[in-house]
Chemist: 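Mind having a look at this structure? Questions to follow.
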Amino acid sequence: MPRTFTPKVVTANRLLEGDAVWLTANGHWSPRMDEAELITDAGTAELRLLDAETQAHLVVGAYLADARPDATGPAPTHFRESFRTRGPSNYAHGKQERDHV
C-alpha cells in the first residue's frame, strides 16, 4: 500500500553563505521557513524540487522536508528542520546573534 503524502517544503543551503533557505511559492529563496511554500501533493513536490535543483548558481543540497501548517506558515515536524531554522550552531552569529539581542 502506498504511503500517504505528508506536506513538504523545499529547502537547501545558499551557495555562497551556506545559510539554510526555503523555496517560496513565487520561486524565491527565503531565510525563513514560515515563508516557504507548503506543498500538499507529491507531483507538485517533485516538480518544485526539480526546479530548485536547476538553481545550482544560488543553492546546494536541495531536498524535500516534512512540514506542517501553522498559523504563521509552514513549521518543521522534525528536529533537523527546527534546528536549521535557527542558523549555524558553532557560535552565535547571523540569525542567532540578531535573535539573541
Side-chain angles (χ1 to χ4, degrees):
M1 183 172 189
R3 289 177 140 180
T4 302
F5 183 83
T6 58
K8 310 270 189 241
V9 293
V10 178
T11 186
N13 291 86
R14 284 201 195 277
L15 180 62
L16 298 179
E17 298 90 359
D19 291 342
V21 289
W22 289 266
L23 192 61
T24 66
N26 63 5
H28 293 99
W29 292 99
S30 172
R32 296 177 43 145
M33 184 179 189
D34 61 352
E35 294 178 350
E37 174 184 19
L38 185 63
I39 305 165
T40 57
D41 71 272
T44 301
E46 289 302 317
L47 289 174
R48 298 297 277 158
L49 180 58
L50 287 172
D51 179 48
E53 290 171 344
T54 68
Q55 299 182 42
H57 61 291
L58 298 174
V59 296
V60 294
Y63 65 94
L64 295 171
D66 289 337
R68 62 178 170 76
D70 192 55
T72 59
T77 62
H78 189 274
F79 171 76
R80 177 181 182 188
E81 296 313 312
S82 179
F83 190 76
R84 290 179 77 237
T85 64
R86 293 190 295 271
S89 61
N90 53 350
Y91 57 90
H93 65 282
K95 289 186 278 186
Q96 291 175 338
E97 184 67 25
R98 285 189 303 272
D99 294 343
H100 187 63
V101 175

Chemist: Can you list everything that forms a side-chain contact (heavy atoms from CB on, under 4.5 Å) with Ala67? Sequence neighbours excluded, please.
Modeler: Val9, Met33, Leu38, Pro74
Chemist: Quick one: hydrophobic cluster around Leu50, which other residues, with the 4.5 Å side-chain cut-off, linked directly or via members?
Modeler: none
Chemist: Only counting residues at least two apart or in another chain, list the ones meeting side-chain contact (heavy atoms from CB on, under 4.5 Å) with His28.
Modeler: Thr24, Asn26
Chemist: Any donor-acceptor pair under 3.5 Å linking the side chain of Asn13 with the backbone of Gly18?
Modeler: yes
Chemist: Give, for atom CG of Leu64 and atom CG of Leu49, the distance between the pair rounded to the nearest 0.5 Å.
Modeler: 4.5 Å
Chemist: Is the shortest side-chain heavy-atom distance between Trp29 and Val10 below 4.5 Å?
Modeler: yes
Chemist: Show me the pairs that pass salt bridge (charged side-chain N to carboxylate O under 4.0 Å, His left out) and involve residues 54-69, at least two apart or across chains.
Modeler: Lys8-Asp66, Arg68-Asp70
Chemist: Hey, could you give me the CG/CZ distance between Leu16 and Arg14, rounded to the nearest 0.5 Å?
Modeler: 9.5 Å
Chemist: Holding to side-chain contact (heavy atoms from CB on, under 4.5 Å), I want the full list of residues that pass it with Asp41, two or more places apart in sequence or in another chain.
Modeler: Thr44
Chemist: Can you list the residues that meet the side-chain contact (heavy atoms from CB on, under 4.5 Å) rule with Glu81, with sequence neighbours excluded?
Modeler: Thr11, Trp22, Tyr63, Ala65, Pro76, Arg84
Chemist: Identify the two heavy atoms, one from Ser30 and one from Glu35, that lie closest to each other, and give their separation to 0.1 Å.
Modeler: OG-OE1, 2.5 Å
Chemist: If you define the side chain from C-beta out and look only at heavy atoms, does anything of Leu15 sit under 4.5 Å from Val59?
Modeler: no
